Asks: 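Sending over a structure as structure tokens; questions will come in a sec.
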There are 2 protein chains.
Amino acid sequence: MTKSAAQRRREAREEYDAFLAACPSRQLLDRLADKWVALTLSALAGGEQRYSELSRAIAGVSQKMLTQTLRNLERDGIVVRSITPSVPVRVDYRLTPLGASLLPVVQAIKDWAEQHMDRVLAARERFDARDPQRAAS
Amino acid sequence: MTKSAAQRRREAREEYDAFLAACPSRQLLDRLADKWVALTLSALAGGEQRYSELSRAIAGVSQKMLTQTLRNLERDGIVVRSITPSVPVRVDYRLTPLGASLLPVVQAIKDWAEQHMDRVLAARERFDARDPQRAAS
DNA sequence: CAGTATCCCTCATGATACTG
DNA sequence: CAGTATCATGAGGGATACTG
């Protein structure tokens with residue numbers, strides 16, 4: 001008898017715990033909770049994209065960070081890289097099913113930031129006015 | 001005539017765009033897409049927690065990072081700090097309504113990492129076996 | 001207890017230059 | 001076009017010591 005998806009999920013939830021410093025999921029959390037990951041996956045939401053398209057969509061990302069981010073995501077099974085050996089070469093990236101399951105999660109952070117920016121800015125002003133000393137970055 | 005919440009949200013979605021390097025939401029995304037933010041808010045999911053309770057719950061966090069994270073979250077209106085002037089002093093943190101709306105979003109990343117750790121580890125092994133050269137961190 | 005203040009150093013990131 | 005390689009910088013983050 002095979003285990004249900006819900007069963008496996010429950011077990012995994014017990015097996016890994018990001019609250020523990022040494023748990024592998026802590027490192028994975030650190031990799032996924034990243035600005036470039038959120039933007040890269042969001043850019044891939046519409047479907048396959050070329051390297052240059054991603055580079056343009058994600059304003060301000062350096063070649064190094066984009067490549068590094070994509071390489072890590074590829075290694076973790078979240079995106080797939082496909083090469084068309086034309087001249088010049090063409091490289092496309094797309095989400096795997098695993099990546100598709102992660103997309104809504106990281107996109108939600110990006111969306112939350114965009115949608116609540118005003119309230120956060122207002123909160124910062126109140127904080128800085130009330131307590132100028134503790135106001136940091 | 002006042003605008004509906006949905007209207008305001010739609011406008012905000014157009015007003016801020018984290019794909020743009022100079023947009024304030026890009027910086028906010030950078031602050032929120034953070035390991036310590038995800039763990040701190042997750043720890044506050046159960047309700048008000050003392051500083052020392054948070055410190056214990058989030059294994060491996062330094063005083064500096066915990067304090068810094070809490071201060072930024074407080075400034076952004078995501079958590080509230082309340083002091084009980086006893087001896088010794090007691091400080092509690094809890095989510096604001098704004099923070100409560102962010103909680104599921106960041107908790108989802110932590111949960112995803114815990115629940116898909118096995119698949120990610122398997123993907124890494126496949127990648128490293130297939131292509132040892134490109135295998136990085 | 002709940003921080004603040006320093007020192008210090010690694011590593012993440014950006015800029016630049018080069019290549020199949 | 002889609003990277004790789006190298007260098008340089010500075011901010012992130014840990015360790016330690018001190019305080020109301």
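Each chain gets a letter, A, B and so on, in the order its sequence line appears, and its residues count up from 1. Here the structure is a predicted model, which means the values were calculated and not measured.
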Asks: Can you check the B:Q49 CD to C:dC1 C1' distance for me, whole Å?
Replies: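 Atom-to-atom, B:Q49 to C:dC1, this comes out as 16 Å.
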Asks: Side chain of A:Q68: nearest nucleotide among C:dA2, C:dT13, D:dG3?
Replies: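 Of C:dA2, C:dT13, D:dG3, C:dT13 is nearest to the side chain of A:Q68.
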Asks: In this structure, how many angstroms lie between the P atom of D:dG12 and the CD atom of B:Q27, rounded?
Replies: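 Spelled out: CD on B:Q27 to P on D:dG12 is 12 Å.
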Asks: Send over the distance from B:K64 NZ to C:dT4 C1', rounded to a whole Å.
Replies: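 So the two atoms are 11 Å apart, to the nearest Å.
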Asks: Considering only C:dG3, C:dC1, D:dG14, which nucleotide approaches the side chain of B:R81 most closely?
Replies: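 Closest of the options to the side chain of B:R81: C:dG3.
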Asks: Can you run through DNA chain C from 5' to 3' and write each base as (, ), [, ], | or . depending on how it pairs? Watson-Crick or G-U wobble, both distances under 3.5 Å.
Replies: ||||||||||||||||||||
Asks: For B:D118 and A:Y16, does a side-chain donor sit closer than 3.5 Å to a side-chain acceptor?
Replies: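 Side chains of B:D118 and A:Y16: pair found under 3.5 Å.
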Asks: I want to verify a distance call: between D:dT4, C:dC7, D:dC1, whose nearest atom is closest to the A:T67 side chain?
Replies: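 Ranking D:dT4, C:dC7, D:dC1 by closest atom to the A:T67 side chain puts D:dT4 first.
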Asks: May I ask you to evaluate whether B:R50 reaches the phosphate of C:dA2, defined as a side-chain N or O under 4.0 Å from OP1 or OP2?
Replies: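 Yes, such a contact exists.
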Asks: Between A:L54 and A:L44, is there a side-chain heavy-atom distance shorter than 4.5 Å?
Replies: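 In contact.
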Asks: Once you round to the nearest 0.5 Å, how far does CG of A:L28 lie from NZ of B:K110?
Replies: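 The distance works out to 12.5 Å.
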Asks: Within this structure, what is the CG-to-C1' distance between B:L70 and C:dG3, rounded to whole angstrom?
Replies: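 To the nearest whole Å, that distance equals 11 Å.
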Asks: Grab the OH-C1' distance between B:Y93 and C:dC1 for me, whole Å please.
Replies: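 Roughly 12 Å, once rounded to whole Å.
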Asks: For a 4.5 angstrom cut-off between non-hydrogen side-chain atoms, does B:V37 reach B:R31?
Replies: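 Side chain of B:V37 against side chain of B:R31, heavy atoms only: no contact under 4.5 Å found.
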Asks: Can you find a side-chain donor-acceptor pair between B:T67 and B:Y51 that sits under 3.5 Å?
Replies: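 Checked: B:T67/B:Y51 side chains pair up, N/O donor to acceptor below 3.5 Å.
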Asks: Between D:dG12 atom P and B:Q63 atom CD, what is the distance in whole Å?
Replies: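 Taking CD of B:Q63 and P of D:dG12, I get 19 Å after rounding.
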Asks: Any non-hydrogen side-chain atom of B:Y93 less than 4.5 Å from a side-chain atom of B:E48?
Replies: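 No, side chains not in contact.
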Asks: B:M65 CE to C:dT4 C1': how many Å, rounded?
Replies: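 Answer to the nearest Å: 15 Å.
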Asks: How long is the gap from CZ on A:R126 to CG on A:D131, to the nearest 0.5 Å?
Replies: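 Here the rounded value is 13.5 Å.
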Asks: Please determine, for the side chain of B:S62, which listed nucleotide (D:dG3, D:dG14, C:dA2) has the closest atom?
Replies: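 Of all the options, the side chain of B:S62 is nearest to D:dG14.
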Asks: Counting only side-chain nitrogens and oxygens, does A:S52 get under 4.0 Å of the OP1 or OP2 atom of D:dA2?
Replies: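 Indeed, a polar side-chain atom of A:S52 lies that close.
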Asks: Round to a whole Å and report the spacing from CD1 of A:I83 to P of C:dG20.
Replies: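 Going from A:I83 (CD1) to C:dG20 (P), I get 16 Å.
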